[in-house]
Amino acid sequence: MNYWLMKSEPDTFSIEHLKQRRNQTEHWDGVRNYQVRNMLRDDFNVGDQALFYHSSCPVPAAVGIVTITRAGYPDHTAFDPNSPYFDAKSSAENPRWFMVDVQYTQTFPKPVTLKAMKANPELLASDFALLRKGSRLSIMPVTATQWSIILSMANAQHKQ
DNA sequence: GCCAACGTTGGC
DNA sequence: GCCAACGTTGGC
């Protein structure tokens, strides 16, 4: 099983939105980057867990956990001419873009902010993809070590 | 295959 | 709103 970090702009789709969806589940559509596409298509497994990360907002932070309930399958928004994610070069016969399903699992008592992560020497030493200069991927892998550091940060913040 | 121009991301 | 960093596009 793998760990991931998945970015979303909370104005568009926050962890609260996910929590309110039917079955607290939603497909993660709209990825239009090949590196991320490859991860969605090839590396996501049912049961994987991901940090839900709020980006492009006042306090960028990992705000909770989601669980992967369906592995990579074609992103149908690419087939819809009315969708902002439409891509004429993607077809049902030869899909170019993929998505997974995620289910709400947990909201952290307090978000683990980007600022706090940058201030954590262990995370910095672990070469965390999120903290790499110029890192812009909307989905990135998280190691088991990084995962446990971030969860312990979430819990430590809770105890304060 | 190179690379300039352009678009996007995302923190600040 | 700014801008650094990166990805994509398309002319050559």
Side-chain angles (χ1 to χ4, degrees), chain A residues 2-19 21 26-44 48-66 68 72-102 104-143 145-147 149-154 156-157:
Chain A
N2 298 315
Y3 294 112
W4 306 96
L5 179 143
M6 304 174 81
K7 294 182 186 172
S8 185
E9 300 187 16
D11 287 349
T12 306
F13 186 69
S14 71
I15 197 165
E16 273 307 303
H17 290 127
L18 177 62
K19 194 176 177 180
R21 289 290 197 272
E26 186 57 277
H27 43 257
W28 200 271
D29 60 23
V31 168
R32 296 294 180 267
N33 169 284
Y34 287 102
Q35 261 183 279
V36 178
R37 187 276 311 268
N38 292 346
M39 288 189 265
L40 289 172
R41 187 189 58 193
D42 304 331
D43 301 331
F44 270 67
D48 285 0
Q49 292 198 302
L51 299 165
F52 197 117
Y53 180 86
H54 285 172
S55 67
S56 294
C57 57
V59 184
V63 294
I65 294 173
V66 299
I68 308 309
Y73 63 105
D75 181 343
H76 53 72
T77 64
F79 310 147
D80 176 6
N82 296 318
S83 166
Y85 301 124
F86 176 66
D87 181 353
K89 292 173 181 164
S90 187
S91 65
E93 300 74 36
N94 189 16
R96 173 174 294 200
W97 305 113
F98 285 74
M99 60 188 182
V100 297
D101 287 353
V102 301
Y104 173 83
T105 303
Q106 173 191 348
T107 299
F108 293 145
K110 277 191 182 176
V112 180
T113 65
L114 178 61
K115 189 179 172 190
M117 290 190 258
K118 283 180 172 171
N120 185 303
E122 273 187 288
L123 268 187
L124 282 176
S126 75
D127 193 29
F128 190 25
L130 182 71
L131 304 182
R132 267 178 227 147
K133 188 175 182 180
S135 142
R136 291 189 322 169
L137 296 181
S138 63
I139 293 177
M140 42 189 94
V142 176
T143 66
T145 302
Q146 291 157 354
W147 183 266
I149 294 170
I150 290 166
L151 261 62
S152 70
M153 289 171 78
Q157 290 185 3

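In what follows, every chain begins at residue 1, and chains take the letters A, B, ... in the order their sequences are listed.
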(message) Classify A:K118 by what it touches in the nucleic acid, base, sugar-phosphate, or nothing, heavy-atom distance under 4.0 Å.
(response) sugar-phosphate
(request) Supply the atom-to-atom distance A:I65 CD1 to A:F108 CZ, rounded to the nearest 0.5 angstrom. (result) 4.0 Å
Output all residues satisfying side-chain hydrogen bond (donor to acceptor under 3.5 Å, both in side chains) with [X], sequence neighbours left out; order by chain, then residue number.
X     : result
A:S56 : none
A:D80 : none
A:R37 : none
A:W4  : A:D48

Partners passing side chain to side chain contact (heavy atoms under 4.5 Å, CB included) against [X] (at least two apart in sequence or in another chain):
X      : answer
A:L124 : A:L131
A:E26  : A:F13, A:L18, A:R21
A:S90  : A:A78, A:F79, A:D87, A:P95, A:R96, A:W97
A:H27  : A:D29, A:Y73, A:H76, A:M99, A:D101

(request) Taking only heavy atoms on the protein side, list every residue of residues 49-62 of chain A lying under 4.0 Å from any atom of DNA chain B, sorted numerically. (result) A:Y53, A:S55, A:S56, A:P60
(request) For DNA chain C, find the residues of residues 36-44 of chain A with a heavy-atom distance under 4.0 Å and give them by number; none if there aren't any. (result) none
(message) Enumerate the salt bridge (charged side-chain N to carboxylate O under 4.0 Å, His left out) contacts for residues 118-130 of chain A, please, sequence neighbours excluded, ordered by first and then second residue.
(response) A:D127-A:R132
(request) Going 5' to 3' through nucleotides 6-11 of chain C, assign each nucleotide B (protein heavy atom under 4.0 Å from a base atom), S (under 4.0 Å only from sugar-phosphate atoms) or - (no protein heavy atom that close). (result) BSS---
